[in-house]
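Let me begin by presenting the structure, written as structure tokens, before commenting on it.
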Amino acid sequence: MNYLILGGGIAGTTLAEELRKGDGEASITILERETHPLYSKVLLMNYVKGKVSRDKLFLKKLEWYSENRIELALGVEAREIDCKNQFVLASDGREYPYDKLIIATGMQPRLAGENIRGIAYFRNLDDAEELKELIAQTLASDYFDKNCVVVGGGFISTEFIDIFNHFNLPTSVCVRSEGFWSKVLSTESQLILQNHLENAGVKIFSKSNIEFNEMNGYLDSVNVSKGVKVSAQIAGMGIGLVAENEIFTKAGINCKIGVVVDEYMQSETENVYAIGDIAEYNDIALGRKMVSGNWLGALMQARSVAKTLLGEATAYNLVTAYTTDLLGKAVVFIGDVSKEHADDVVQLNASKKDIIEVFQRDNKTVGAVMIGDVSRRQEITDAIINKKLYS
Amino acid sequence: MKITIKVDEDLCIGAASCVTIAPDTFSLNDENKADVLDHGQAEGGPSYKRIVEVTDAELENIILGAQSCPTLAVSIFDEDGKKLFPED
């Protein structure tokens, strides 16, 4: 059996590992566009802050791949997929045949569209290195203000805020809508976060359509709204994710937000599967098609599809959560937190500092947001798993 | 065999992959971090460190749980104090 895995992140690598455990003879190949073996993107924040050394980021050494006879093609990505004849033409010019193709390419950040030194992303290790350099330059510079701007109100933005705060860099946050996570949070929840950040000295500009101003190719300032300009040496971008689906749709693989698959992570195209952030899968725990972007989801989807591929059909069935910390304020999203897909969103335990919002659909709790007090995380998760109404 | 299981609460972000893979050994506490259990029990109260008697199979699963942690917050030591995971 010839397994070809596109993407060597946590999903792709876990899959390769599980396949090898179950099949000592199979050919297993990973095409990975980055030039590193598996590392933890979750640890990158600590790396930028200087709390973790670079070598500690790597979860697998190159030797692990060769010891397990997993071919890891680094710096290589798929260019064309031929689903009829079952092979992939890759950027290294090789044709990689497959019996089973598993897409684990993840999502990519939406880009600002400007190429100015100082505009920073946080996709991967290379971005983390550049961010470290930008921060070091800013700290060492003669600029009086040494300001940083964060653009966007989602998870990546919280990481930039945390990093800039660690280096005592004055920070302004620009969000296009009213506040953080506008598709998820109520006004009350957004206000708790806004007050918390402002108390910590972070400025928030909402309903902001930003423009970058450069000087000699370097970021100089950001117009945060009409007539309001903020000096900025670094702009951390967290403006959403996009799936690079063109290569898959061109191959006839059905994609909407991501690659459309069922609960077995199998696409409508024969012998093609998708796992991790790119998979738009049938979530049997939550009752609708979901795209999940957290570590645990990616890892467990890989484990369940490995079992399926090895002959034991296993549906992916798990309720996972996203967690972050906004300058000491815990934020946890469990399950399905889309306001658009909820019949009702009920606030429990709301105060000026903490809030729980539960998302109900078809008389069941399908998701929850917890800000501040996160002690009820397990009981809410259990209610979602058991398809009960939490109140 | 006896092993020591330790969660670094500074690194733990509550991803809960260890809890999912080894629920008898890890559970989330009110701080959204992983406590260490002994076969589902928290004798002496919640703790980020415990010495636990395990079989080979149990050790394998606990190490899987530790390996699954995105921040490598879980360390496992044998009874001589030698680190089994993560490698130094």
Side-chain angles (χ1 to χ4, degrees), chain A residues 9-10 13-14 17-18 21 38-47 49 51-53 55-61 63-64 155 158-159 162 294-300 302-303 318-325 329-334 370 372-382 385, chain B residues 6-42 45-48 56-77 82-88:
Chain A
I10 186 60
T13 307
T14 300
E17 185 168 15
E18 295 299 309
K21 282 182 197 170
L38 178 66
Y39 62 90
S40 170
K41 286 188 178 173
V42 181
L43 267 179
L44 286 180
M45 207 164 68
N46 281 347
Y47 174 57
K49 292 195 289 188
K51 291 186 165 186
V52 154
S53 60
D55 61 300
K56 292 278 189 261
L57 297 174
F58 292 96
L59 303 179
K60 298 289 186 211
K61 296 194 167 96
E63 294 75 34
W64 177 83
F155 284 98
T158 67
E159 297 198 342
D162 183 78
N294 62 50
W295 179 271
L296 178 59
L299 188 143
M300 297 307 288
R303 284 169 62 120
L318 193 64
V319 175
T320 63
Y322 294 76
T323 66
T324 193
D325 181 288
K329 180 74 76 181
V331 177
V332 175
F333 290 1
I334 312 170
M370 314 175 73
D373 177 7
V374 295
S375 59
R376 296 205 221 168
R377 176 178 166 177
Q378 194 57 57
E379 59 189 74
I380 294 175
T381 304
D382 289 340
I385 290 169
Chain B
K6 190 167 164 269
V7 171
D8 183 332
E9 61 181 300
D10 290 331
L11 285 174
C12 181
I13 57 162
S17 46
C18 59
V19 175
T20 301
I21 289 171
D24 282 347
T25 307
F26 302 100
S27 75
L28 280 182
N29 61 26
D30 288 356
E31 309 297 317
N32 201 37
K33 293 181 190 289
D35 277 339
V36 183
L37 306 174
D38 182 348
H39 294 87
Q41 304 302 314
S47 179
Y48 288 120
D56 285 348
E58 286 169 338
L59 173 61
E60 198 180 321
N61 198 50
I62 290 167
I63 288 186
L64 267 180
Q67 285 174 336
S68 76
C69 177
T71 58
L72 297 175
V74 182
S75 301
I76 317 278
F77 304 84
K82 181 183 154 208
K83 202 184 234 187
L84 300 175
F85 185 84
E87 286 173 24
D88 278 327

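Below, read A as the first sequence line, B as the second, and so on, with proteins coming before strands; counting in each chain starts at 1.
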Which portion of [X] sits near chain B, non-hydrogen atoms under 4.5 angstrom:
X        : result
A:Lys60  : neither
A:Ile10  : neither
A:Leu318 : side chain

Legend entry - Residue among B:Ser17, B:Pro86, B:Ser27 with most heavy-atom pairs under 4.5 Å to chain A: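 Highest number of heavy-atom pairs under 4.5 Å: B:Ser17.
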Inset, instruction - Using side chain to side chain contact (heavy atoms under 4.5 Å, CB included) as the criterion, point out the one residue from B:Val7, B:Asp35, B:Ile21 that pairs with B:Phe26. - result: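 Checked B:Val7, B:Asp35, B:Ile21 against B:Phe26; only one passes side chain to side chain contact (heavy atoms under 4.5 Å, CB included): B:Val7.
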Inset, instruction - State the NZ-CG distance between A:Lys329 and A:Asp373, to the nearest 0.5 angstrom. - result: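 If we round to the nearest 0.5 Å, A:Lys329:NZ and A:Asp373:CG are 10.0 Å apart.
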Inset, instruction - To the nearest 0.5 Å, tell me how far A:Ile334 CD1 sits from A:Ile380 CD1. - result: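 Going from CD1 on A:Ile334 over to CD1 on A:Ile380, the span is 5.0 Å.
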Inset, instruction - Using atom types as modelled and distance alone, determine if a side-chain donor or acceptor of A:Thr324 lies under 3.5 Å from a backbone N or O of A:Phe155. - result: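 Answer holds: no.
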Legend entry - Flag, side chain of B:Lys33 to backbone of B:Glu9, donor-acceptor distance under 3.5 Å: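 Yes; at least one donor-acceptor contact below 3.5 Å.
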Where on [X] is there a heavy atom nearer than 4.5 Å to chain A: the side chain, the backbone, both, or neither?
X       : result
B:Leu28 : side chain
B:Ala16 : both
B:Ser68 : both

Inset, instruction - Among A:Met370, A:Lys51, A:Arg303, single out the residue with the greatest number of heavy-atom pairs under 4.5 Å to chain B. - result: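 Winner by heavy-atom pair count: A:Arg303.
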Legend entry - Considering all heavy atoms, the nearest A:Val52-A:Lys56 contact: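 Heavy atoms only, the tightest pair is CG1-CB, 3.8 Å.
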